[in-house]
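This report concerns only the one structure given below.
All ligand and atom numbering here is 1-based and tracks the order in the structure.
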Amino acid sequence: MSASEIHLPAKGRFDPTANGVPCLTAAWSRHWRAAPDTPAIHDPDQGWLTRGDLDRETRVRAGRLAALGLTRGDRILLSAESSADLVLSYVAALRLGLVVLPTNTAYGPRELSHVIEDAGPLAAIVDDDAKRSAIAEFAPSLQLVTPPLEIPDGSPPALDSGPPESPALICYTSGTTGRPKGAVLSHANCLASAEGLRVAWRWTEADRLLLALPLFHMHGLGVGLHGTLYNGGTAVLYRGFRPDEILADIEARNATIFFGVPTMYHRLAGHPDAGSLAKLRLCVSGSAALPASLHEEIELVSGQRVLERYGMTETLMLVSNPHDAERRAGTVGFPLPGVELRLEGEPAEIQVRGPNVFEGYWQRPEANTDAFTDDGWFRTGDLGAIDEDGYVSIVGRAKELIISGGYNVYPREIEDVLRTHPDIDDVAVVGEADPEWGERVVAYAVTKGPVELDTVRASIGDALAPFKHPRALHRVEALPRNALGKVQKHRLSKGEVLPD
Ligand code: MCA
Ligand code: AMP
C-alpha cells in the first residue's frame, strides 16, 4: 500500500514559539499581568484563585523550591489529587525551570520506585501520608513535601526564562516490552499543542472548563490545565468524577466546555439530567475510542454533538474533529494545525511529526530508535484509515495495549506480576470489550489447580495500581501459541476455558 500524507498546514508555517515566548509560564503569565483580579482556577475547598494569585503565589513557591536547592533542569515528582495547591506548586516548578514527573495517584511503591530510579528526581510533592512514608523508605535522599509547599521561603532566581526546547515534563508510559519509559515533553511541544487547540477549538478566555480529569495525565494536565492557562480561561477542578456534580455545575458555574474519556460520557449519557450537556459550547472526548453508538446516544439525550479527538502522551494532541463542520462519529477528524500525519505500511500505521511531537524517551536511545522512522516520523503504534473526505479513523493497534476507562494498561506488566503467583504456571492478559470501561483486563492462566480471582487480586497487592488488576480470570489447559512460541491472544477469548 502506498503511503498517504496530509500536510495541514504547509510545513514550517506553524511555530508558536517564533513570536518570542520562551516557555509555557511566559505564555501563561501574560494573562496574569493583564487582569490580575480575574478568576482563574476553582478549587472544591478553597474556591477561586485569581490570575493575580497565580502570579504571586507561584513566585513565592518557586522561591521555596529554589531554597530546597533545586535549580533549572532538576526533576521533581508529583503525586497528588487535583487541587489549587497542586496547580500552584506545579506552575511554580515550571517557572523555576524544573522538569516535572507527574504520576498516577493509584501507583504503589513498585511503580513509583521505577520512576524515581529512572528519572532521578531530587524532590517529590506527595499529598498522601502513607505514600510519603513508603517513598521515604526506598528513596531516603528524596526531599518530600506536600502540595501546599509549607517550607521556608527563599528568593527565586529569574523565572519564566525558557529556552523553548528545555524539558517541561517527563511522563512515564509503559510499553509492550520492558520497563516504563519517560516521554520527555519540552516547553515548545506543550506550547505547540496548546496553540493548535486554541485555533481548532476556538478556545478563548471566555471559556470555563469543568475539569474532572486527573491532573497526572496529558488529557487533564496537558490539554485541560495547560489550555486554560494558555488561553487565559477558567477551570473548575474536581477531585474525582461524579456525573451529578458535573451536570449540575454546567449551569451553576456557567461552564462552556467539558473534556472527558468515553467512560465518563457513558455515565453522563445514562443520567436523567444528561440534557444539561446541551448548554455547553463544546464537549470533547478522547484517550480512547468513543463508540459511534455512544456518540449518537449523547446527541439523542442532549442534542450535544461530542467532538472526538486523538492524541498520545508522546505527541500531545494530533487529530481532531472539526469545531465548525461535521463531527463524524467513529472518526477522530483531521490533523490539528502544525501536525503532519501519514499512513505507512500494511496494516497502515499512523505516523506523525510536528512541533508537538516529543524528542524522545529519557535516557533510552534504543527505545528512541524504535519509536521514530529513519526519516524522522513518530510511530504511534495505532492503525489508521482516512476516508474520502479526509477524516482519520483509528481502526486498531499495532501495540499491545488495553485502554480501560482512559487508563493505559500494558498486558506484559500484568503478566510479569501474575507469573510470580505460586499457583500460576503461565498467563496471558488481554483486553475484552466492555460497555462502560471500553476494555477490561482479563487474564487467561494455566494454573496448578482451581484459583480464585479474588485471591489472585489480593496477592497482587500494591505491586500494580488497582485499575490494572484483572477483572476476570479464566483457567485454560494451555495457552494457544504459534510455531514461534508466541501466544495467540486473539484466540483466547474464543478458546476452551476450564470450569471454575
Ligand atoms: C478506576 N478504576 C478503574 C479505572 N478507574 N478500573 C479500571 N479502569 C479505570 N480507568 C477502579 C478503581 O481501581 C477502583 O477499583 C474502582 O474503579 C473505583 O475507583 P474510582 O476512583 O472511584 O473510579 P471512578 O471514579 O469510577 O473512575 C473512573 C474514571 C477514571 C473517572 C473514568 O478512571 C478516570 O478519571 N479516567 C480518566 C483517565 C485519564 O485521564 N486518561 C488520560 C490518559 P477497586 O474497587 O477494585 O479498588 S491518555 C492521555 O492523556 C492521552 C494524551 C489522551 O489522548 O488523552
Ligand atoms: P497515552 O499513551 O496514555 O497517551 O495513550 C495514547 C493512546 O490512546 C493512543 O496511542 C491511542 O491508542 C489511544 N487514543 C487516544 N485517543 C483516542 C481516540 N479518540 N480513539 C482511539 N484511541 C485513542
V332 heavy atoms, cut-off 4.0 Å: which ligand 2 atoms fall inside? 19 (N)
Are T234 and R208 close enough that a side-chain donor and a side-chain acceptor fall under 3.5 Å? yes
Shortest non-hydrogen contact from L86 toward E81: CD2-O, 3.6 Å
Between T373 and D375: side-chain donor-acceptor atoms closer than 3.5 Å: yes
Report, in ascending order of atom number, the atoms of ligand 2 lying under 4.0 Å from any heavy atom of E308. 18 (C), 19 (N), 20 (N)
Give the protein residues with at least one non-hydrogen atom closer than 4.0 Å to an atom of ligand 1, ordered by chain and number. L213, P214, H217, M218, H219, F241, V261, T263, M264, R267, S287, R309, G311, M312, T313, M317, S404, G405, G406, Y407, W437, R457, P466, F467, R471
Just need the protein heavy atom nearest to atom 21 (C) of ligand 2, so name the residue and atom and give the distance. A289 N, 3.4 Å
Can you tell which of T380, V395, L318 makes a side-chain contact (heavy atoms from CB on, under 4.5 Å) with I350? T380
Scan side-chain atoms only and decide if N189 and S186 contain a donor-acceptor pair under the 3.5 Å cut-off. yes
Give the residue, atom name and distance (to 0.1 Å) of the protein heavy atom nearest atom 16 (N) of ligand 2. S287 N, 3.2 Å
So for H219, does at least one of its heavy atoms come nearer than 4.0 angstrom to any atom of ligand 2? no
Under 3.5 Å: N/O of Y310 near N/O of ligand 2: no
Ring of W203, cation from R281 - is the NZ or CZ under 6.0 Å from the centre and inside 45° of the axis? no
Can you tell me if D207 and T256 form a side-chain donor-acceptor pair at under 3.5 Å? yes
Say whether, by atom type as modelled, one donor and one acceptor occur between the side chain of E340 and the main chain of V352 under 3.5 angstrom. no
Counting heavy atoms only, name the option from G384, G311, G286, A288 that's nearest to atom 18 (C) of ligand 2. A288
Quick check on H217 - does any of its heavy atoms sit under 4.0 Å from an atom of ligand 2? no
Examine the proximity of ligand 2 to K399 and report which part, side chain or backbone, both or neither, has a heavy atom under 4.0 Å away. side chain
Hey, does T173 sit under 4.0 Å from ligand 2 if you only count heavy atoms? no
Compute the shortest N/O to N/O distance between D382 and ligand 2 and return yes if it is under 3.5 Å, no if not. yes
If only side-chain N and O atoms count, and only distance matters, is there a donor-acceptor pair under 3.5 Å linking E111 with Y172? no
For R309, the ligand 2 atoms whose distance to one of its heavy atoms is below 4.0 Å: 16 (N), 18 (C), 19 (N)
Test of ring centre spacing under 6.0 Å for F259 and W201: yes
contact_flag M312 ligand 2 heavy-atom lt 4.0 Å: yes
Between W28 and H226, is the ring centroid distance below 6.0 Å? yes
Does any donor atom in the side chain of T447 or R475 lie under 3.5 Å from an acceptor atom in the other side chain? yes
Going by the angle between their ring planes, with limits at 30° and 60°, are F216 and Y407 parallel, tilted or perpendicular? parallel
Could you pull out all residues at least two apart from S285 that satisfy side-chain contact (heavy atoms from CB on, under 4.5 Å)? P262, Y265, L290, V306
Any nitrogen or oxygen of T313 lying under 3.5 Å from a nitrogen or oxygen in ligand 2? Just yes or no. yes
Under 4.0 Å, heavy atoms only, figure out whether ligand 2 is touched by the backbone of I403, its side chain, both or neither. side chain
Looking only at distances, please establish whether an N/O atom of ligand 2 is found under 3.5 Å from an N/O atom of N408. yes
